[in-house]
Amino acid sequence: INASSLVVGIYLLLSACAYAQPTNDKLLTFQKFVNGEIPIKEAVVYRTLSDTNGKVINQEWFRFGYQTGTWYVQRLEPDSDDSTRLVPQQDHHVCGASLRELWTMGNTDIHLVDKAVAAGSIPDTFGEVFRNLMFSALSLGLPRQLSVLKLEDAEIKWNGLTFKTKVESKWNLAGTPLATAVITGKLVLGDDGLPISAAYPGIDQRDPGSITYQYGSANTGIPSSFIVKFGRSIYHYTFLSLTFGTNDLTQTGGYAPSMFGDMKISRAVTIWTNSLSWSLRDGTFHPNFVVAAKTKQIGSLVLISLAVMTGILLTLWYRRAKKVNNKQNNNEE
């Protein structure tokens, strides 16, 4: 056997071995999950924020569902009569997105806006905290730009174990993002092929971070909990329950307010547009208060102007008619 034949044979053998290696399905599941590619019927999450001394600063319970183009988030709290049972918070707000609209629903009001003109509306601004909770849980601790309306607008790109992501990197004193930047981090796998940790660098005003993962008995590739160390803060997320799959939402066009509240309860409905918002009262749309007040003022000014102009015209007509009559009387004399 000559040398060239031996080299070709070794190359083909190595290629065959490479193709024969099984793919890491658990890693692939992990990577798809963080980009919202795995539908979730319902997830219930407990999140704590602690300082470096272990003191809990804040804690949140929330549930969410996430499917292609539609989602919802609802904040929960322990039942006052049974702390082991979670119930909706007293204000009972739910935020979500159907296939076409972004919306919020409370005990007394519902706000709806077309996704195309949602920026700056109540469903956008009020719902931002709700979206951040859900996006952070879906991200499994990996950094991403959270000031977006859709998870697709903050995709985490993968190259093996390396991930590339856009993040907010500068803020003003009020906490409003001023700039974004792209950073690159990396996962570390355990012997069983599951991600056990990740790390990413800091940039501009943003601190570096690290994540550790723990898994339950299901061993699906999705951690049961994870801890994020970010600057001087420590976030601990635990999936109290996680149910994969899709719901039949064809009748509602995705998750809609009617799925989360009794529609017999009287609520003020506000429809946001790209120019102004309208309220639905007793089946009739009305401009919102500020707009209605301006409209009423303009209408009053128009009526007053018309009345003044009419008065002036009548006065001129009366004077002219009087002069004509006087002239005719003089001629007759």
Side-chain angles (χ1 to χ4, degrees), residues 11 14-40 43 45 47 64 66 68 71 131-171 177-216 218-239 242 244:
Y11 172 78
L14 291 175
S15 298
C17 291
Y19 282 110
Q21 290 178 355
T23 58
N24 188 339
D25 291 335
K26 295 174 184 177
L27 174 61
L28 185 61
T29 298
F30 182 101
Q31 293 171 334
K32 285 185 174 182
F33 184 89
V34 300
N35 280 324
E37 297 175 27
I38 297 178
I40 301 170
V45 182
R47 188 203 74 172
F64 70 89
Y66 189 94
T68 303
W71 51 265
R131 291 196 307 274
N132 285 356
L133 289 172
M134 178 183 66
F135 289 168
S136 297
L138 284 171
S139 300
L140 298 178
L142 301 181
R144 71 179 348 135
Q145 188 178 358
L146 294 177
S147 56
V148 295
L149 291 175
K150 299 184 298 181
L151 197 66
E152 296 89 332
D153 294 335
E155 180 186 7
I156 296 176
K157 298 181 179 180
W158 292 96
N159 182 12
L161 297 178
T162 301
F163 59 88
K164 184 178 291 187
T165 177
K166 181 188 288 187
V167 296
E168 290 90 358
S169 59
K170 293 181 180 179
W171 297 264
L178 298 177
T180 60
V182 175
I183 59 174
T184 300
K186 192 171 184 179
L187 286 177
V188 175
L189 300 185
D191 294 337
D192 54 2
L194 288 169
I196 56 173
S197 65
Y200 53 89
I203 188 169
D204 296 333
Q205 297 174 354
R206 188 181 185 93
D207 293 321
S210 62
I211 313 143
T212 55
Y213 299 105
Q214 295 86 36
Y215 295 85
N219 203 21
T220 60
I222 307 302
S224 57
S225 66
F226 55 93
I227 298 173
V228 183
K229 295 182 179 180
F230 179 65
R232 301 174 66 86
S233 302
I234 299 174
Y235 293 88
H236 192 169
Y237 290 80
T238 300
F239 287 102
L242 181 58
F244 298 116

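Heavy-atom basis, side chains included; hydrogens, waters and symmetry copies ignored. Here the structure is a predicted model, which means the values were calculated and not measured.
Considering OG of Ser169 and CZ of Arg206, their distance stands at 8.5 Å, rounded to 0.5 Å. To the nearest 0.5 Å, atom CG of residue Asn35 and atom CD1 of residue Ile156 are 5.5 Å apart. Interatomic distance, CZ of Arg144 versus CD of Glu155, reported as 8.5 Å (0.5 Å rounding). In this structure, CD1 in Ile227 is found 4.5 Å from NE2 in His236, a value given to the nearest 0.5 Å. Expressed to the nearest 0.5 Å, how far OG1 of Thr238 lies from CD of Gln214 amounts to 8.0 Å. Interatomic distance, Asp191 CG to Ile196 CD1, rounded to the nearest 0.5 Å: 8.0 Å.
For the side chain to side chain contact (heavy atoms under 4.5 Å, CB included) with Ile222, the qualifying choice from Leu194, Leu242, Val34 is Leu242, the only one to do so.
Taking the side chain as every heavy atom from C-beta outward, Tyr237 and Leu140 never approach each other to under 4.5 Å. Using a 4.5 Å heavy-atom threshold, the side chains of Phe135 and Gln145 count as separate. Thr29 has its side chain within reach of Ile38: a pair of non-hydrogen atoms, C-beta onward, lies under 4.5 Å apart. Using a 4.5 Å cut-off on side-chain heavy atoms (C-beta onward), Asn159 and Lys164 make no contact. In this structure the side chain of Val45 reaches within 4.5 angstrom of the side chain of Phe64, judged on heavy atoms. Taking the side chain as every heavy atom from C-beta outward, Leu189 and Leu27 approach each other to under 4.5 Å. Side-chain atoms of Thr184 and Phe163, non-hydrogen and from C-beta on, never get closer than 4.5 Å to each other. Side-chain contact between Leu142 and Phe30: present, with at least one pair of heavy atoms (C-beta onward) separated by less than 4.5 Å.
A side-chain donor-acceptor contact under 3.5 Å links Tyr215 to the backbone of Pro195. Between the side chain of Asp207 and the main chain of Phe230, no donor-acceptor pair closer than 3.5 Å is present.
Taking the six-membered ring where tryptophan is involved, the planes of Phe226 and Phe239 are tilted, since the angle between them lies from 30° to 60°.
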- Task: Could you check Trp171 against Leu178 for side chain to side chain contact (heavy atoms under 4.5 Å, CB included), going step by step and ending with a plain yes or no?
- Result: CA-CA 5 Å; Trp171 297 264; Leu178 298 177; 5.5 Å; no
- Message: Please evaluate residues Ile40 and Trp71 with respect to the criterion side chain to side chain contact (heavy atoms under 4.5 Å, CB included), reporting the C-alpha separation (whole Å), side-chain torsions for both, the decisive distance (0.1 Å), and the verdict.
- Response: CA-CA 9 Å; Ile40 301 170; Trp71 51 265; over 6 Å; no
- Message: Set out, in order, the CA-CA distance, both residues' side-chain angles and the distance that settles side chain to side chain contact (heavy atoms under 4.5 Å, CB included) for Leu138 and Leu151, then state yes or no.
- Response: CA-CA 9 Å; Leu138 284 171; Leu151 197 66; 3.9 Å; yes
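Contact detail for Pro143 and Val167: the closest heavy-atom pair is CB-CG1, 3.8 Å. Taking both residues in full, the closest heavy atoms of Ile203 and Ile183 are given as CG2-CG2, 3.6 Å, listed atom of the first, atom of the second, then distance. Val148 and Arg131 get closest at one heavy-atom pair: O-NE, 3.3 Å. Across all their heavy atoms, Val228 and Gly141 have their closest contact at CG2-CA, 3.6 Å. Of all heavy-atom pairs spanning Gly216 and Ser224, the tightest one is N-OG, 3.4 Å. Across Glu152 and Tyr66, no two heavy atoms sit closer than the pair OE1-OH, 4.0 Å.
For the residue pair Glu168 / Ser147, a side-chain donor-acceptor distance below 3.5 Å is found, with atom types taken as modelled.
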